[in-house]
Amino acid sequence: MASMGFAEPTLLELVPTLVGESNFSTWTTSLKWTLDSRDLRYYELLTGAWGEPRAVDPTQPTPIEVEACTQWNTASRYLLPLLNATVHQTIKFYILDANNARTAYANLHRAFAARSYEAGFSNFLRFMNTTYTSNRPQAFVNEWRMALGELQECNSTKLTPLLIFYHFLNAVSVNTAVHPWLDSFLNSKVSTDTTIEATFADFVVSEDRRLNTLNQAHNFSLAKVNHLPFFCQFHNRQAGHSSENCFRNPAKQLPLDQVDMAPVAAPAKRTVTEDLPAQ
């Protein structure tokens, strides 16, 4: 009777993709079980229990030290791409600069291992206090999304799409200049199909248009003032006349006793010269 065989499951079938704090415990447990089935030292390398060997004299390592270092480096080169394959695309930057598997795992552990209550509450406060107080709409959206992502990584936090949607509206409402957009958006564009991404886009486009209009009006006002050629010290502003020619200049004003009060000459009498006929 022929023996029945089966394909060994791959690493990606045994280890879930790491997406953040929410599944770090499950990910690292599955990773340990899978690696232990291949070599017990693999997971010890990741955690530091199997430390990187160091020669007593780096200039003249012994054959035993060379072999130990070779084994550790070989295992590290094997584990590093495995770690990269089991983390989500959005968090790969945590391990891109790691030069060995131990450093890569330490970076992930530092970022996503179970945090204290104080750290979780700090994420909550950061999210609640991220409001639109600047005139940089896209920068605010990026900051708000980052705060939301950090809060969602907490295991005990469950935020519904509706709650996220209305919290964003509340965050931008802190800036009173945005209220016309809020009224227009809520009255004409919100439906059951409205997504948070669509809300982001509509907000950024509206704010960019409003800010560009303000900048154009400001630049026009400056150009209108700056075309005046003189600065009048008596008016304390740019003017169309110099200080010397200003009517407020005391040097231009004479006392009443020096004003020429000469009478106005009477108009000359009109005479008509008639040519008399020759006698």
Determine whether F165 and T160 make a side-chain contact, defined as any pair of heavy atoms from C-beta on separated by less than 4.5 Å. no
Taking atom OH of Y43 and atom CG of L35, what is their separation to the nearest 0.5 Å? 9.0 Å
Check against side chain to side chain donor-acceptor pair (under 3.5 Å), N123 and R126: CA-CA 5 Å; N123 287 344; R126 185 181 304 111; 2.8 Å; yes
F203 and F185: ring pair (Phe, Tyr, Trp, His ring centres under 6.0 Å), yes or no, with the steps? CA-CA 9 Å; F203 165 72; F185 185 74; 9.6 Å; no
Using the ring pair (Phe, Tyr, Trp, His ring centres under 6.0 Å) rule, take F127 and W144 through it: C-alpha gap first, then chi angles, then the decisive distance, then the call. CA-CA 7 Å; F127 176 67; W144 190 88; 5.5 Å; yes
To the nearest 0.5 Å, tell me how far L148 CG sits from I164 CD1. 5.0 Å
Check N175 against S134 and note the closest heavy-atom contact, atom names and distance. ND2-O, 3.7 Å
Search all heavy atoms of Y132 against all heavy atoms of E207 and return the closest pair with its distance. OH-OE1, 2.6 Å
Heavy-atom donor-acceptor pair, D202 side chain to A198 backbone, under 3.5 Å: no
Just by distance, do the side chain of H88 and the backbone of T17 share a donor-acceptor pair under 3.5 Å? no
Does the side chain of R136 come within less than 4.5 Å of V204's, by heavy atoms? no
Where do T130 and A147 come nearest, in terms of heavy atoms and distance? OG1-CB, 3.9 Å
Looking only at atom types and distance, does a side-chain atom of T86 sit under 3.5 Å from a main-chain N or O of L83, one as donor and one as acceptor? yes
Residue pair V19 / I91: nearest heavy atoms and the distance that separates them: C-CD1, 4.2 Å
Answer yes or no: is there a donor N or O on one side and an acceptor on the other, between the side chain of E67 and the main chain of I64, under 3.5 Å? no
Side chain to side chain donor-acceptor pair (under 3.5 Å) partner of Y105, chosen from T28, N100, T47: T28
Is there a path of hydrophobic side-chain contacts, each under 4.5 Å between heavy atoms, that joins L151 and F168? yes
N187, CG atom: more than 12 neighbouring heavy atoms under 6.0 Å: yes
Test side chain to side chain contact (heavy atoms under 4.5 Å, CB included) on F140 and V172; report intermediate values, then the result. CA-CA 9 Å; F140 163 72; V172 300; 3.4 Å; yes
Donor-acceptor under 3.5 Å (S188 side chain, S184 main chain): yes
Should the heavy atoms of other residues, nucleotides or ligands under 6.0 Å from CG of L96 be counted, would the total exceed 12? yes
Between F200 and Q138, is any pair of side-chain heavy atoms under 4.5 Å apart? no
Please round to the nearest 0.5 Å and tell me the distance separating atom CG of L82 and atom CG of L79. 6.0 Å
Are L80 and F93 in one and the same hydrophobic cluster, where Ile, Leu, Val, Met, Phe, Trp and Tyr link if side-chain heavy atoms are under 4.5 Å apart? no
Salt bridge (Lys or Arg N to Asp or Glu O under 4.0 Å), that's the test. Do E197 and R145 meet it? Break it down for me. CA-CA 10 Å; E197 294 296 332; R145 293 179 68 172; 3.2 Å; yes
Closest heavy-atom contact between P137 and L211? CD-CD1, 3.9 Å
Look at the side chain of S76 and the backbone N and O of N73, then say whether any donor-acceptor pair between them is shorter than 3.5 Å. no
Has the side chain of R102 got a donor or acceptor atom that lies under 3.5 Å from a matching backbone atom of L46? yes
Would you call P61 and C69 a side-chain contact if the rule is heavy atoms closer than 4.5 Å? no
Non-hydrogen atoms of R54 and E65 that approach each other most closely: O-OE2, 4.4 Å
May I have the step-by-step check of side chain to side chain contact (heavy atoms under 4.5 Å, CB included) for R210 and N135, ending in yes or no? CA-CA 10 Å; R210 180 183 71 84; N135 285 329; 3.8 Å; yes
Do any N or O atoms from the side chain of K92 and from the backbone of N84 form a donor-acceptor pair under 3.5 angstrom? yes
Inter-residue atom distance Y94.OH - N107.CG, 0.5 Å rounding: 9.5 Å
L125 backbone acceptor or donor facing N129 side chain under 3.5 Å: yes
Determine yes or no for a side-chain-to-main-chain donor-acceptor pair under 3.5 angstrom, with T103 supplying the side chain and N99 the backbone. no
Would you compute the distance between atom CZ of R77 and atom CH2 of W72 and round it to the nearest 0.5 angstrom? 10.5 Å
How long is the span from the OG atom in S37 to the OH atom in Y42, to the nearest 0.5 Å? 10.5 Å
Tell me, do P63 and V66 make a side-chain contact under 4.5 Å, heavy atoms counted? no
Run the side chain to side chain contact (heavy atoms under 4.5 Å, CB included) check on L169 and W181 step by step: do they pass? CA-CA 10 Å; L169 298 185; W181 170 78; 4.0 Å; yes
Run the side-chain hydrogen bond (donor to acceptor under 3.5 Å, both in side chains) test against Y78 and tell me which residues pass, sequence neighbours left out. R38
For the pair N212 and R209, evaluate side chain to side chain donor-acceptor pair (under 3.5 Å) and give the outcome as yes or no after the intermediate values. CA-CA 5 Å; N212 287 336; R209 185 183 301 115; over 6 Å; no
